[in-house]
Amino acid sequence: MSDIAIEAGTATGAGTRRALTFALQREVFAIDAETVREILDMPPITRVPNAPAFANGLINVRGRVVPLADLRVTFGMERPAPDEDTRIIVIETLLDGEENILGILADKVLDVCDLEDVTVEEAPQVGMRWRPEFLLGIARHAGDFVILPNIARIFAEHLGSLATEAN
């Protein structure tokens, strides 16, 4: 099990990182492929009353209850209805030092690719509409920019807000 491992400005001897790319609206995002457990068609989603917009609900993955997040909320995007391309990316990550299984809603899963470490840069502090702490960086791949979300930070913040709302 590995944590989200793509980091801005890193250069390892290997030089590349395996990443799964997916689309949220017209933006391309990438997460460490080692964290991906499986990719699912849209399963039934159990809505959670009074949950924040980020928490799309809960899904059942092989008998395990898995929270489902909509990153479009975090990044201030519109939330169109799911279609035939919509998928759930089930990932394994560390939150507060504990292993967690989480689901991420993706408009479309694109590809598994190798991102060269030298193409990963810190997200610009100016001109971004998103909070920089939610990004590990921006990579260049095949002539396009790929956004590297900080999944652990996003979930930790949103789960922390859930705990605050519950009190």
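As the structure is a prediction and not an experimental result, all values here were calculated from the model. For this chain, numbers begin at 1 and follow the sequence in order.
When the side chains of ILVMFWY residues are joined at heavy-atom separations under 4.5 Å, either directly or via intervening members, Phe145 and Leu20 end up in a single hydrophobic cluster. In the hydrophobic clustering of ILVMFWY residues, with side-chain heavy atoms under 4.5 Å counting as a link, Leu105 and Ile89 come out apart. Two different hydrophobic clusters hold Ile45 and Leu71 under the rule that ILVMFWY side chains link at heavy-atom gaps under 4.5 Å. Taking hydrophobic clusters as Ile, Leu, Val, Met, Phe, Trp and Tyr residues chained together by side-chain heavy-atom distances below 4.5 Å, Ile59 does not share a cluster with Leu102. Cluster membership check: Val112 shares its hydrophobic cluster with Val109, using side-chain heavy-atom separations under 4.5 Å among Ile, Leu, Val, Met, Phe, Trp and Tyr.
With rounding to the nearest 0.5 Å, the separation of CG in Leu110 from OG1 in Thr21 is 4.5 Å. Separation of atoms CG (Leu58) and OG1 (Thr46) is listed at 6.0 Å; rounding is to 0.5 Å. For the atom pair CG (Asn150) and CG (Leu135), the distance works out to 8.0 Å, reported to the nearest 0.5 Å. We find the CG-CD1 distance between Asn100 and Ile151 to be 13.0 Å, quoted to the nearest 0.5 Å. Glu99 contributes atom CD, which lies 4.0 Å from atom CD of Glu92 (distance to the nearest 0.5 angstrom). Note: Ile104 CD1 to Asp70 CG = 10.5 Å, rounded to the nearest 0.5 Å.
A parallel orientation is assigned to the rings of Phe22 and Phe29, their planes being inclined by less than 30° (bins at 30° and 60°).
Counting heavy atoms from C-beta outward, Thr93 and Thr35 have side chains that stay 4.5 Å or more apart. When side chains are defined from C-beta on, Ile88 does not count as touching Val61, because their heavy atoms never get closer than 4.5 Å.
Formation of a donor-acceptor pair under 3.5 Å by the Asp107 side chain with backbone atoms of Gln25 is found in this model.
Salt-bridge formation is detected for the pair Asp114/Arg18: a Lys NZ or Arg NE/NH1/NH2 atom is positioned less than 4.0 Å from an Asp or Glu carboxylate oxygen.
Nearest heavy atom pair, residue Ala30 against residue Pro149, reads O-CD, 3.2 Å.
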For residues 36-43, which side-chain donor-acceptor pairs fall under 3.5 Å, sequence neighbours excluded?
{"unit_1": "Glu38", "atom_1": "OE1", "unit_2": "Arg62", "atom_2": "NH2", "d": "2.9"}
{"unit_1": "Asp41", "atom_1": "OD1", "unit_2": "Arg87", "atom_2": "NE", "d": "3.2"}
{"unit_1": "Asp41", "atom_1": "OD1", "unit_2": "Arg87", "atom_2": "NH1", "d": "3.4"}

